> 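Dropping the structure in here first, questions after.
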Amino acid sequence: MLSEFKIGMLVRCTNCDDLDHPFVGKIINVLSTKLVIEVLQINYRDRHKASLIQYNTVVDIKNCKRIQRVRVDLDERDEQ
């Protein structure tokens with residue numbers, strides 16, 4: 001399970017000691033059973049707590065889920 005998480009990957013975290021609501025973040029370090037996360041998108045009610053922790057937190061791996069990004073390239077000919 002640990003190998004599925006890599007630095008730079010986007011994750012959705014459901015439970016965290018520092019914040020009360022789920023949030024989206026980017027992995028900046030992988031520890032043995034925890035991930036160091038840079039908080040990117042939060043619930044507005046957690047904005048003060050997020051600023052206190054400088055938008056970085058540590059979360060258990062079991063509380064994180066990968067976010068798959070889909071990139072769509074549109075050709076100019078297809079748009080017309």
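Predicted model only: the values in this text are computed from it and were never measured. Positions are given from 1 along the sequence.
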> Within a strict 4.5 Å, meaning less than it, do heavy atoms of the Ile37 and Asn56 side chains meet?
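No; the side chains remain at least 4.5 Å from each other.
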> Hey, does the side chain of Asp60 reach the backbone of Lys62 with a donor-acceptor pair shorter than 3.5 angstrom?
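No.
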> Minimum heavy-atom separation for Val58 and Cys16, please, with both atom names.
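Minimum heavy-atom separation between Val58 and Cys16: O-SG, 4.5 Å.
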> Could you check whether any side-chain heavy atom of Val11 comes within less than 4.5 Å of a side-chain heavy atom of Val24, counting everything from C-beta outward?
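No; the side chains remain at least 4.5 Å from each other.
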> I'd like to check Pro22 versus Arg12 (side-chain heavy atoms, cut-off strictly below 4.5 Å). Are they in contact?
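Yes, close enough: below the 4.5 Å cut-off.
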> Charged N to carboxylate O under 4.0 angstrom, Lys49 versus Asp20?
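So Lys49 pairs with Asp20 through a salt bridge.
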> When clusters are formed by joining ILVMFWY residues with side-chain heavy atoms under 4.5 Å apart, either directly or through shared neighbours, do Leu40 and Leu19 land in the same one?
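In one cluster with Leu40: Leu19, no.
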> Is the shortest side-chain heavy-atom distance between Leu31 and Val36 below 4.5 Å?
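Yes, close enough: below the 4.5 Å cut-off.
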> Is Ile27 reachable from Leu10 through a run of I, L, V, M, F, W or Y residues, each pair having side-chain heavy atoms under 4.5 Å apart?
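The answer is no; the residues belong to distinct hydrophobic clusters.
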> Would you say Met9 ends up clustered with Ile67 if hydrophobic residues are merged whenever their side chains have heavy atoms under 4.5 Å apart, either directly or through other cluster members?
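Result: no, two separate clusters.
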> Would you say that Cys13 contacts Asn63 through its side chain, given a criterion of any heavy-atom pair below 4.5 Å between the two side chains?
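Side chain of Cys13 against side chain of Asn63, heavy atoms only: no contact under 4.5 Å found.
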> Side chains of Asn15 and Val59: does their closest heavy-atom pair fall under 4.5 Å?
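Side chain of Asn15 against side chain of Val59, heavy atoms only: no contact under 4.5 Å found.
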> Are the side chains of Phe23 and Gln41 in contact, using a 4.5 Å heavy-atom criterion?
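No, too far: nothing below the 4.5 Å cut-off.
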> Of all the heavy-atom pairs spanning His21 and Asp46, show the shortest one and how long it is.
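What the structure gives for the nearest pair is N-OD2, 2.9 Å.
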> I'd like to check Thr57 versus Val39 (side-chain heavy atoms, cut-off strictly below 4.5 Å). Are they in contact?
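Yes, side chains in contact.
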> Write down the atom of Phe5, the atom of Arg66, and the distance for their closest heavy-atom approach.
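So the two residues come closest at CE2-CG, 3.9 Å.
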